[in-house]
Amino acid sequence: MRHVLMVGLAAALAAAPWLTASAQTEDEINAEFEKFRAVLEQDNPAELWEVKGEGLWKTPRGPKNASLEKCDLGLGPGVVKGAYAQMPRYFADVDRVMDAEARIVHCMITLQGFKYEDLAKAPFSSATRTPDPVSIVTYVAAQSAGMKLAPSQSHPKEKEAYALGKEIFFFRGGPWDFSCASCHGLEGKKRIRTQLLPNFADPATAIAAVQAWPGYRMTGGVMHSLQWRLSDCFRQQRLPKPDYASETLSLLMTYLTVNASGHVYKGPGIKR
Amino acid sequence: MLQTRRTVTFGLVAALGAALLKPVRALAAWNQGAFQAKSTLDGMNALGITNPQDTQDIVIRAPDIAENGAVVPMDITSNIPGTTSISVFIEKNPFPYTGTFDFAAGAVPFVHLRAKIGESTPVRVVVAAGGKFYTAAKEVKVTIGGCGG
Amino acid sequence: MADPMKIRATVQGDVADVRVLMAHPMETGQRKQAGKAVPLHFIQSITAQLNGTTVFSADISQAISRNPVFAFKVKGAKAGDRITVTWKDNKGETRTDETTVRGGS
Amino acid sequence: MKLKTLALLAGGATVLASCATGPGGTHREAVRLMQRDFKPVGIAGMDRLKQDELQAACNKYNNDPPKEAADKLQKAQYATVKWPADGKLLGNWKEGEKIAQRGRGMAWNDKPGKTSRGEPNGGSCYNCHQIGPATTSFGTIGPSLYQFGKLRGYGQDIQRYAYAKIYNAKAYVACSEMPRFGHSGTLTEQQMKDLAALLMDPASPVNQ
């Protein structure tokens, strides 16, 4: 009842201001978005893919008819709980840093016998199809919900990955001279159109990059992963296309995640 | 007519008993005429909603400005005693009638739903209670998209 | 076959808060793919039962968002009760899932 | 740095040599990996990963070059501006408004000079700037351009500034985040005139 009264009051106060939208400040609009983002987060369709991903993780599949339960995400074979919060990390078997989805793809290849070429052919979701690694990384990410992000920086290659990722983040190129930082390295609350741009170079706001993906995107109603998001950033930067699950993307993710280190991971996300 | 259909539906349920396996809805026809109506008024007519009274007792919690028209969340609560259904009309959508939610056997007259809204529009809610209709509306503004890239 | 729903039912006092996520494209018939309109494909009706008795039902249009989310409240529910949700779409496809009501915190 | 040097040893003597020169080694290694891991798509060829002098300088100076270097870069960029042969700097503000609204062009699925939908390339102006009063969903990365001409005057010098700024924003701020729309071949001369008119025509809604 208190809730109802409060809502009633808010409705009364907000009766007309939308009619004079120009009088509404950016802060008011963003506060309204924020309020309803919390409502949307409460029931996130991403959970549908968590369920699906869990099934894919546990079911014997692929040419080798194996499940992913022997896949080592860094905490030992089959350990999923908390693994995502510590990725990207160095894996000795491949002698490079891998992000969660790249590692899942690696396991699908080595344990289940899938081919990289097949997985990389159409790696991103459409309205009618969600690739398996996207569902699986959604499941894996959800198993770190509520945990503090603590990507490992103890191995020299992990430290190197951060430095290289930083260079990639600030690299200016292409016909429009854009870098990742052109939009996501800006001081103050800048916007593209109405979209607030979190500054991923700033530890206080870098969490937004990591929190959002894997995430359910309301536009189109599709489940997307960070692999897709970063690839799409490069498209919007007017650069060529990074290979799916490539080292370059793992390095960039290392930069973003280490910047967000110490924040509690609340994903999978829900995005505009 | 709306009211009648519900009554018939619930009567049937009672007759068949609680162990009914088939969903109740399969027995009632999905009101094609109402759903294909191009205006709120035509939709209401097709549903048999007549002379709805304005009321303060319907609470519509929806954003003043929606971040994304593809997913606009709404909480709708009726504080009118004896509420049996809540119907939703998104007035400026091509087909405004969006749905009817029926409450029976102890369901609280509340529903949370998420709808597509094409442009800024009033969202009109009609509540059926005690054989009468009550209505309230809330404006939802939809902003245009991001980079367009 | 349609993907499973995710249903959550939590009781506070004697009111159960039921929240349902459904995997469905909810095609409006307006969307184009490769130049061709994707035909209408949407859930038309939903029924929810508490221990076999219908407590909530709905007829809906294609204007409900893709991968629909609904929440409703049921009086007189207690922990351990069974909530069953069924949807049926315009192509006659249907899906039923259930969950057990959990005690609130 | 020492660990990095060790890690890079495996990469070969050239990498080691460049690494010895400092942070530039990390930059070069990052570029090498991007060149290895990226593939061309449509009009987005691998040449887009090759930095020109300005891009390289901005990276080197963290987008904040010392005054002397900035002046030199700006002068070189100003020299790239091709002025309209007919001497007219202002086109049609109504067309300019459409170009300012459109955010597409130059990406993977777009065509040379056209978007994937066959429209002329957009200038993405509203993504970053407030411009006309009717559009409230404008970005804030760049300054507001509302009342651009009204505030600055409609003279030839301001017209030239508006045109050149659109043609090559780096002529005025070396490491500006604004693209060089003429220099990059994104917009045609006529499109840039139309945008200049949107800002400078006394009849444009921008100046009301």
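In what follows, chains are A, B, ... by sequence order, proteins preceding strands, each numbered from 1.
- Counting only N and O atoms by type, the side chains of A:Tyr90 and A:Asp95 include a donor and acceptor under 3.5 Å apart.
- Listed options A:Glu247, A:Lys241, A:Lys189, A:Lys190 were ranked by heavy-atom pairs under 4.5 angstrom with chain D; first place goes to A:Lys241.
- Heavy atoms of A:Leu186 lying under 4.5 Å from chain D belong exclusively to its side chain.
- Of the two parts of A:Lys166, neither the backbone nor the side chain holds a non-hydrogen atom closer than 4.5 Å to a non-hydrogen atom of chain D.
- For D:Asp47, no part lies under 4.5 angstrom from a heavy atom of chain A.
- Heavy atoms closer than 4.5 Å to chain D are found nowhere in A:Leu249, neither backbone nor side chain.
- Comparing D:Gly105, D:Pro133, D:Cys128, D:Pro40 by heavy-atom pairs within less than 4.5 Å of chain A, the highest count is held by D:Gly105.
- Residue D:Lys111 places its NZ atom among more than 12 non-hydrogen atoms of other residues, nucleotides or ligands, all under 6.0 Å distant.
- Counting heavy atoms from C-beta on, the side chains of A:Thr254 and A:Glu158 never come closer than 4.5 Å.
- A salt bridge does not link D:Lys98 to D:Glu119: none of the charged nitrogens lies less than 4.0 Å from a carboxylate oxygen.
- Taking a cutoff of 4.0 Å between a charged side-chain nitrogen and a carboxylate oxygen, A:Asp93 and A:Arg103 qualify as a salt bridge.
- Among the candidates A:Ser182, A:Ser246, A:Gly188, A:Gly165, the residue making the largest number of heavy-atom pairs closer than 4.5 Å to chain D is A:Ser182.
- Only the side chain of A:Phe178 comes within contact range of chain D, with at least one heavy atom under 4.5 Å from a heavy atom of that chain.
- Under the 2.5 Å cut-off for SG-SG separation, A:Cys233 and A:Cys180 do not qualify: their sulfur atoms lie farther apart than that.
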